[in-house]
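FYI, the numbering just counts along the sequence from 1.
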Amino acid sequence: MSTTGKVIRCRAAILWKPGVPFSIEEVEVAPPKAKEVRIKIVATGLCGSEIKMLENKTSYLHYPVILGHEAAGIVESVGEGVSTVKTGDKVITLFLPQCGECASCLNPVDYLCIERKQSKSGLMSGGTSRFTCKGKPVYHFANTSTFSEYTVIKEISVAKIDAAAPLEKVCLVSCGFSTGYGAAINTAKVTPGSTCAVFGLGGVGLSVIMGCKAAGAARIIGVDINKDKFEKAKKLGATECINPQDLKKPIQEVLFDLTGAGVEFCFEVIGNPETVEAALASCHESHGVCVIVGLLTDVQLNISGSLFLSGRSLKGTVFGGWKSRESTSKLVSDYMAKKINLDPLITHTLNLDKVNEAVELMKTGKWQVAHIIFMSECLGPRKRCVGAGGGSKQEEMAGI
């Protein structure tokens, strides 16, 4: 039974207010409006950005809200005027849109589409939500809201990918991998034979290491207080790893001693203001580049001005500097061609109703944390959620 044009009832993880766990609820997902796409989410990653949102009261969120921004799925239906994807296409969701028309999109070296600003409202076009729960509207998050079995996204925030791509793997291209890998390749522009340091060895940090290795860095130093992450970091390209808690001197002094003059490319992949200063201070005085990859929300940086009495530079990055829609499909193709390897970044696979367990796993850091992939029971190979009034919540089906 087709669900096109109908309201769909399905499960979602809702955050009702700050400081509380996710609540698994039945939500109603409205059909897509013009230039929108409704997607059946097959796999979504739990990114460190969600942890930051949960731990900090931020002006970025409106409540109640459905979080999640790193996902892959299958197009269920499209709204009027959608031309780049169709029902049945495999797609990646994108928190960073690419409209293809604004000044940023038309600039070959710019990637921050002007349309990204609308996501801060938590609403879709027309100032409305496509989600309701218990009769109340639920806000969207980061253009995506992928902690739901179905979601509605603007066409400009969706990228069609290879039909053979395993969605439970390539969903990481939606954020974590692309952000880290691109920070090294696009933002820092790591050079062959250079020395790099990566502060934070979670999934994004490991992706930075992979980018540094691909760019030809001769020395890649991993920095983390969790030694359990060192083995995987070295397998992916780190030449050595350091735990700052084992040191008698500040990490920046140790890195200067190890390299003789400072690190040429340094990446802060934690989102900690103090670590940003340490990373910048670790850079080569004449030409060192420090890239802030970790999410910093509603905080102020306090960095000594003396660090800039030099040739050091401090840069930010979003989505690794990729033009989102056109680059995502290429990265997925690279994975399919075995040019990049996403598999080591996945450490746990859980169902959506285990979202709070996933949050605790990531917070504790007692495992080799990279990414957790939520696979929805409702979205197994032969099941789907059905439209409102369409009978039971799950029905057998042969395909989409």
Under 3.5 Å, is there a donor-acceptor pair linking the side chains of [X] and [Y]?
X	Y	value
Thr146	Thr144	no
Tyr181	Asp334	no
Thr259	Glu264	no
Thr84	Glu155	yes
Glu277	Ser304	no

Q: List the steps and the verdict of side-chain contact (heavy atoms from CB on, under 4.5 Å) for Thr179 and Ser207.
A: CA-CA 8 Å; Thr179 297; Ser207 299; over 6 Å; no

Verify same cluster id: [X], [Y] (apolar side-chain graph, 4.5 Å):
X	Y	result
Phe230	Val223	no
Ile270	Leu295	no
Val82	Ile156	no
Ile209	Ile242	no
Ile220	Val263	no

Is it true that atom [atom1] of [X] has more than 12 heavy atoms of other residues, nucleotides or ligands lying nearer than 6.0 Å?
X	atom1	answer
Ile225	CD1	no
Glu326	CD	yes
Asp246	CG	yes
Leu309	CG	no

(Q) Walk me through whether Glu36 and Ser125 qualify under side chain to side chain donor-acceptor pair (under 3.5 Å). (A) CA-CA 9 Å; Glu36 294 177 356; Ser125 55; 3.2 Å; yes

Any heavy-atom pair between the side chains of [Y] and [X] that's under 4.5 Å?
X	Y	result
Leu206	Lys232	yes
Ile74	Leu167	yes
Ser129	Tyr139	no

Check ion pair [X]-[Y] (N to O, under 4.0 angstrom):
X	Y	result
Lys154	Glu115	yes
Glu25	Arg11	no
Lys90	Asp162	no
Lys323	Asp110	no
Glu240	Arg219	yes

Rounded to the nearest 0.5 Å, what's the gap from [atom1] on [X] to [atom2] on [Y]? Could you check?
X	Y	atom1	atom2	value
Ile251	Phe199	CD1	CZ	5.0 Å
Glu26	Ile14	CD	CD1	10.5 Å
Leu247	Leu255	CG	CG	8.5 Å
Asp89	Ile161	CG	CD1	9.5 Å
Ile221	Cys241	CD1	SG	9.5 Å
Ile346	Glu168	CD1	CD	7.0 Å

Q: Kindly determine whether Thr4 and Ser77 satisfy side chain to side chain donor-acceptor pair (under 3.5 Å), including the steps that lead there.
A: CA-CA 6 Å; Thr4 301; Ser77 60; 5.0 Å; no

Q) Under the side-chain contact (heavy atoms from CB on, under 4.5 Å) criterion, do Val91 and Ile39 qualify, and how do the steps go? A) CA-CA 8 Å; Val91 293; Ile39 300 169; 3.8 Å; yes

(Q) Using the rule given for side-chain contact (heavy atoms from CB on, under 4.5 Å), can you reason through Ser282 versus Phe256, listing the C-alpha separation, both sets of side-chain angles and the distance that settles it, and then say yes or no? (A) CA-CA 6 Å; Ser282 301; Phe256 252 84; 5.6 Å; no

Q. Is there a side-chain contact (heavy atoms from CB on, under 4.5 Å) between Ile303 and Leu280 once you walk through the steps?
A. CA-CA 9 Å; Ile303 298 176; Leu280 179 62; 3.8 Å; yes

Q) Counting only N and O atoms by type, is there a donor-acceptor contact under 3.5 Å from the side chain of Ser286 to the main-chain atoms of Gly311? A) no

Q) With respect to Phe319, which candidate in Tyr111, Phe95, Phe177 satisfies the ring-ring contact (aromatic ring centres under 6.0 Å, His included) definition? A) Phe95

